[in-house]
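One structure below.
This is a predicted model, so every value here is computed, not measured. Below, all heavy atoms of this structure are taken into account, side chains as well, without hydrogens, waters or symmetry copies. In listed order, ligands and their atoms are each counted from 1.
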Amino acid sequence: MKRIGVLALQGDFEAHRKALEEAGAEAVEVRTAEELERVDGLVIPGGESTTMLKLLRLEGLFEPLRAFGERRPIFGTCAGAILLARDVANPPQESLGLVDIGVERNAYGRQVDSRVARVPLAEENGGGEMEAVFIRAPIIRRVGEGVRVLARYNGDPVLVAQGRHLVATFHPELSRDRRVHQLFLGNGQ
Ligand code: GLN
């Protein structure tokens with residue numbers, strides 16, 4: 001059984017821990033570089049990316065996390081997606097740059113902070129539809145070569161993969177469907 005860490009500095013890490021267990025993994029909370037060394041993959045949850053970034057710096061986890069991503073899979077959701085992206089706008093912000101995408105934060109605007117949508121899933125990932133919960137979500141504005149788009153909403157990519165990494169601008173941990181977490185568990189190892 002894979003042992004997957006959930007970065008537990010801030011945000012909705014508890015929901016991811018449960019989702020990973022339901023998807024068939026052992027899930028543990030990660031707060032230190034030592035704990036990071038003991039997992040096969042990592043989830044960076046949703047939350048507030050600026051706060052998470054500050055905490056990563058404070059805990060000395062930023063560089064270890066980037067190095068971890070060079071050899072192990074990371075799944076970033078929402079704020080986690082922003083941290084994984086190469087370019088961040090609105091406002092610009094430092095990031096791990098492990099996935100070649102450009103994201104715009106809070107891109108759906110203030111009036112429609114949150115929404116629940118149904119998005120079609122690529123055939124190779126089982127097809128059909130999937131519920132997608134967006135909460136002050138970013139929009140992926142640029143997708144680099146080598147990035148695969150697995151699902152779109154309103155024409156914009158909302159689930160993408162590059163190499164071992166997976167990025168969702170929505171919150172799959174808040175829906176009952178575990179296919180996205182299962183997809184991550186089958187990734188890169
Ligand atoms: N709006 C947050 C940010 O920019 C992300 C929101 C979320 O993770 N649900 O960091």
Compile the donor-acceptor pairs under 3.5 Å between side chains in residues 46-55 and protein atoms, sequence neighbours left out, one pair per line.
from	atom 1	to	atom 2	distance (Å)
E48	OE1	T50	N	3.2
E48	OE1	T51	N	3.1
E48	OE1	T51	OG1	3.1
E48	OE2	R105	NH2	2.9
S49	OG	Q93	NE2	3.0
S49	OG	R105	NE	3.4
T50	OG1	Q93	OE1	2.7
T50	OG1	R105	NH1	3.2
T50	OG1	R105	NH2	3.1

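- Contact shell of ligand 1 (protein heavy atoms, cutoff 4.0 Å): G46, G47, E48, S49, C78, A79, I82, R105, N106, I135, R136, H171.
- Shown here are the side chain to side chain contact (heavy atoms under 4.5 Å, CB included) partners of A107, two or more places apart in sequence or in another chain: E104, I139, R141.
- A donor-acceptor pair is defined here as one N or O able to donate and one able to accept, closer than 3.5 Å; no such pair exists between the side chain of T77 and the backbone of G80.
- L98 and L150 fall into different hydrophobic clusters, where Ile, Leu, Val, Met, Phe, Trp and Tyr side chains are chained together by heavy-atom contacts under 4.5 Å.
- By the 6.0 Å and 45° rule, R118 does not stack over the aromatic ring of Y153.
- Annotation: ring pair (Phe, Tyr, Trp, His ring centres under 6.0 Å) contacts of H171 (sequence neighbours excluded): none.
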